[in-house]
Amino acid sequence: MKSRLLLLLLALLPVLALAAPTAPVAGVDYVEIPGGQPLAPLNGKVEVVEVFGYTCIHCANFEPAVSAWKRRQPSYVRFTPLPAAFGGYWTPYARAYYAAESLGLLDKTHAAMFKALHQQQALPIQNASVDEIASFYAGYGADRQRFADTMRSAETDAKLERSREFATAVGVEGTPTLIVNGKYRVIGGRSSDDALRIADYLVARERAARK
């Protein structure tokens, strides 16, 4: 009986080895960013930035997973979505994100904006006007004119420039991209969960380095 159990275990070893997650590998799953700096002072936190775009279908597909991941994080992890301001049709929706943030509307509208663009087609991906976008947010309690003015404000201009500078500094080439402490860029992951597993590894690594 024992010999049969031993033979069965030996037969299962290759399957178990394939099923077991392997530690992320530098150059394959993530890259270290030379001289990389966090988006904001860490103040004892480990920072995870998601560079995303509302117009990006991959970001829309990633949103449910990253939202659930965020809710599971301990208090020492600071998660920050950062709208990519690549120019063209990316910019109006990056402005919309920052206006919603300034007016306290993100919790109600972040997932809804992805849905409006990619499921309902309630807003155009390209050539969206400030008035169209402001009308969408008015449906979530925003004053339409105030929202439009906030999109066009100098404060929003400054936030867009900061977003561009950070994305350039950390070498963002597409969205969504996860950046840990400004030091690591996740480049691997065959699924949303796998990309987040790599982020978890890097968060744990940074946390351990401080102890």
Side-chain angles (χ1 to χ4, degrees), residues 16-54 56 58-86 90 94 97-98 100-102 104-107 109-111 114 155-156 158-211:
L16 293 172
L18 287 173
T22 57
V25 177
V28 175
D29 297 307
Y30 65 91
V31 293
E32 188 164 355
I33 301 162
Q37 296 294 319
L39 178 66
L42 296 178
N43 297 327
K45 302 283 187 178
V46 178
E47 177 188 82
V48 179
V49 171
E50 180 206 5
V51 183
F52 80 97
Y54 280 132
C56 167
H58 305 294
C59 299
N61 292 337
F62 189 51
E63 172 56 25
V66 77
S67 181
W69 177 87
K70 175 187 174 182
R71 291 193 293 270
R72 297 194 300 268
Q73 296 312 296
S75 60
Y76 61 79
V77 175
R78 182 179 70 218
F79 176 71
T80 305
L82 188 76
F86 294 148
W90 293 79
Y97 175 89
Y98 284 127
E101 181 183 56
S102 294
L105 294 169
L106 276 183
D107 287 345
T109 60
H110 188 58
F114 282 117
E155 179 185 2
T156 297
K159 289 179 178 180
L160 285 175
E161 184 58 29
R162 182 185 181 212
S163 172
R164 292 188 192 100
E165 289 175 354
F166 181 80
T168 298
V170 299
V172 170
E173 297 177 343
T175 54
T177 295
L178 297 172
I179 307 294
V180 178
N181 271 3
K183 186 175 177 181
Y184 300 105
R185 185 174 71 251
V186 175
I187 61 171
R190 288 176 287 182
S191 67
S192 296
D193 288 341
D194 199 27
L196 291 166
R197 178 183 66 85
I198 297 166
D200 281 334
Y201 168 84
L202 295 170
V203 166
R205 181 171 176 167
E206 287 294 280
R207 176 73 170 169
R210 296 184 180 185
K211 293 182 177 180

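None of these values were measured; they are calculated from a predicted model.
Within a 6.0 Å radius of CZ in Arg210, other residues, nucleotides and ligands contribute more than 12 heavy atoms.
The minimum heavy-atom distance linking Gly53 with Phe114 is given by the pair O-CE2, 3.6 Å. The two atoms that bring Gly27 and Val31 nearest to each other are CA-CG1, 4.4 Å, heavy atoms only. Of all the heavy atoms in Thr175 and Cys56, the pair that sits closest is OG1-SG, 3.3 Å. Looking at every heavy atom in both residues, Lys45 comes nearest to Ser75 through NZ-O, 2.5 Å. Leu160 approaches Ala94 most closely through the heavy-atom pair CD2-CB, 3.6 Å. Residue Glu206 comes nearest to Val180 through the heavy atom pair CG-CG1, 4.2 Å, listed as atom of the first residue, atom of the second, then distance.
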message: Could you go through Leu82 and Arg162, starting from their C-alpha distance and side-chain angles, then the distance that decides it, and tell me whether this counts as side chain to side chain contact (heavy atoms under 4.5 Å, CB included)?
response: CA-CA 10 Å; Leu82 188 76; Arg162 182 185 181 212; over 6 Å; no
task: Tell me, with the steps shown, if Trp69 and Asp200 meet side chain to side chain contact (heavy atoms under 4.5 Å, CB included).
output: CA-CA 10 Å; Trp69 177 87; Asp200 281 334; 2.9 Å; yes
task: List the steps, then state whether side chain to side chain contact (heavy atoms under 4.5 Å, CB included) holds for Gln73 with Phe79.
output: CA-CA 9 Å; Gln73 296 312 296; Phe79 176 71; 5.9 Å; no
- prompt: Can you check side chain to side chain contact (heavy atoms under 4.5 Å, CB included) on Leu196 and Leu178, steps first, answer last?
  reply: CA-CA 8 Å; Leu196 291 166; Leu178 297 172; 3.9 Å; yes
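Distance alone, capped at 3.5 Å, is enough to place a donor-acceptor pair between the Glu47 side chain and the Leu39 backbone. Under the 3.5 Å distance criterion, the side-chain polar atoms of Ser163 are left unmatched by any main-chain donor or acceptor of Lys159. Glu32 places no side-chain N or O within donor-acceptor distance of the main-chain N or O of Ala26, the cut-off being under 3.5 Å. The closest donor-acceptor contact from the side chain of Thr168 to the backbone of Glu165 lies at 3.5 Å or more, if one exists at all.
Here CG of Asp29 is found 7.0 Å from OG1 of Thr22. Values are rounded to the nearest 0.5 Å. Here the OH atom belonging to Tyr184 is positioned 10.0 Å from the CD1 atom belonging to Ile33, to the nearest 0.5 angstrom. Once rounded to the nearest 0.5 Å, the distance linking CG of Asn181 with CZ of Arg78 reads 8.0 Å. Residue Glu173 holds its CD atom at 5.5 Å from CZ of Arg185, rounded to the nearest 0.5 Å.
Counting only N and O atoms by type, the side chains of Tyr30 and Arg205 include a donor and acceptor under 3.5 Å apart. For the 3.5 Å distance criterion, the side chains of Tyr97 and His110 fail to qualify, holding no donor opposite an acceptor.
In this structure, the side chains of Phe166 and Val172 stay at 4.5 Å or more apart for every pair of heavy atoms.
Ion pairing between Asp194 and Arg197 holds under the 4.0 Å rule for side-chain N and carboxylate O. By the 4.0 Å N-to-carboxylate-O rule, Arg164 lies close enough to Glu161 to be salt-bridged with it.
Aromatic ring centres of Phe62 and Phe52: separated by at least 6.0 Å.
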